[in-house]
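Keep in mind the model is a prediction, meaning the values are calculated, not measured. Nothing fancy with the numbering, it's 1 onward along the sequence.
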Amino acid sequence: MKRKMIIDSDTASDDAVAILMAHRYLNIEVLAVTIVSGNMTVQDGSRNARYTIELCGAQTPVYVGCERPLLHEPAHAYWYHGPDGMGGMNYPEAKLQAAQGHAVDALIENIRANENDVMLVTLGPLTNIAAALIRAPEIAPLVSRCVIMGGAANVVGNVTPAAEYNIWCDPEAARIVFRSGMNLEMVGWEVGRGDAALTEQEIRDVYALDTPYAKFAMDCNVHALQMAKNWQGDPGLTLHDPTAMAIALDPTLSTRRGKYRVDVETRGELTRGMTVVDERHIVGTQKIFTDAWAVREPNVLVHHELDAARWKELLRQCLG
Ligand code: RIB
Ligand code: CA
């Protein structure tokens, strides 16, 4: 019996690896990939997703979605992922065409048609998901798990000291999703750092698998590798979307987690996009609910750490 999954993505290099993992993992059926503006324009994201899916020998429909965040201007990240988002590899156009229809409609239809039987994995800004929830709020409880790659759980962010990119791009959308009542799990960018980053030797080990998947996964991340090391100060290749996908595929990889109230700062001059995690349950225990804390009950399962050795083994399995 396969588990059903929808992936929402702003497909650049690490998204591509996550999409590949879901298609290569044994008991997953990917119903749709929906594309949102983020790392890339939606056209470039769609092109990269379709190339990745075709490489896997699959025909998963790819729907183009929201072309910009709800309120802010787009802030693409070609500077991080390379001029094509795929490390400058300039892969050819896939034969697989973009599916007819809008990503937001596809999200609503697929969730309704697979009530309580579909997992949602988000790898980009939450614009598409928020738009779907605005149109059809009743879909929130129909999603079995929504695993969000995004945020920074009371740790430093990557695009500002306070915020992680996916949430910072569209904080209003993130707030809608975090307040929606969906069964949310958050995998912040910190989970993919430190021991979870692939060292030069581990990258060589992946190449040694000698499959098209392994070569693709490492080649398209060459630009991201340099940025991770030189800009983020990480020890190797950080694969944020794939680490979130790994926890979606196998929740036992998560080694430290907790369920907390989490909300998103939308207006802070210095803190826009910050995921505020009530890690010590201060709000509830002190009976302090300001107007700002609309979230009354713990609403998000936050993953803080994963088993780095097992995550890398899972990655190698998917690429082998
Ligand atoms: O902050 C990490 C996120 O932004 C990931 O989704 C990755 O694709 C990136 O660019
Ligand atoms: Ca992404």
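The salt bridge (Lys or Arg N to Asp or Glu O under 4.0 Å) analysis of residues 144-160, with sequence neighbours excluded, yields the pairs R145-E185.
Under the 3.5 Å distance criterion, with hydrogens and angles disregarded, no donor-acceptor pair is assigned to the side chains of R50 and T60. S9 and D15 are linked by a side-chain donor-acceptor pair at a separation below 3.5 angstrom, with hydrogens and angles left out of the test. No side-chain N or O of T122 forms a donor-acceptor pair with one of D8 less than 3.5 Å apart.
E138 CD: more than 12 foreign heavy atoms inside a 6.0 Å radius. Surrounding CG of D205 are more than 12 heavy atoms belonging to other residues, nucleotides or ligands, all under 6.0 Å away. Heavy-atom contacts from other residues, nucleotides or ligands closer than 6.0 Å to CD of Q59 number 12 or fewer. More than 12 heavy-atom neighbours from other residues, nucleotides or ligands sit within 6.0 angstrom of CZ on R310.
Side-chain N or O atoms of N128 include one that pairs as donor or acceptor with a backbone N or O of C66 at under 3.5 Å. Not a single donor-acceptor pair under 3.5 Å links the side chain of R135 to the backbone N or O of V104.
Side-chain contact between E67 and P74 is absent, with no heavy-atom pair separated by less than 4.5 Å.
Cation-pi geometry between R272 and W168 is satisfied (NZ or CZ under 6.0 Å from the ring centre, within 45° of the ring normal).
The hydrophobic clustering, which links ILVMFWY residues whose side-chain heavy atoms are closer than 4.5 Å, places L96 and M86 together. Residues Y63 and V30 fall into different hydrophobic clusters, defined by Ile, Leu, Val, Met, Phe, Trp and Tyr side chains chained together at heavy-atom separations under 4.5 Å.
Closest approach of A49 and V33 over heavy atoms only: CB-CG1, 4.3 Å. In terms of heavy-atom proximity, N299 sits nearest to R261 at OD1-CA, 3.2 Å. Pairing each heavy atom of I6 with each of N110, the nearest pair is CD1-CB, 3.6 Å. The shortest heavy-atom contact between V147 and A248 is CG2-CB, 3.9 Å. Contact between A153 and V302 at its shortest, heavy atoms only, is CB-CG1, 3.7 Å. Between L107 and A132, the shortest heavy-atom contact is CB-CB, 4.4 Å.
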What do the steps show when you test N27 against Y25 for side-chain contact (heavy atoms from CB on, under 4.5 Å), and what is the final call? CA-CA 6 Å; N27 70 343; Y25 198 77; 3.3 Å; yes

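H304 has its ring centre less than 6.0 Å from the ring centre of Y260.
Taking the six-membered ring where tryptophan is involved, the planes of H76 and Y78 are perpendicular, since the angle between them exceeds 60° and thus also 30°.
In this structure, M227 belongs to a hydrophobic cluster whose other members, linked by side-chain heavy atoms under 4.5 Å apart, are W79, Y80, W231.
Between R68 and E73 there is a salt bridge, with a side-chain nitrogen of the basic residue lying less than 4.0 Å from a carboxylate oxygen of the acidic one.
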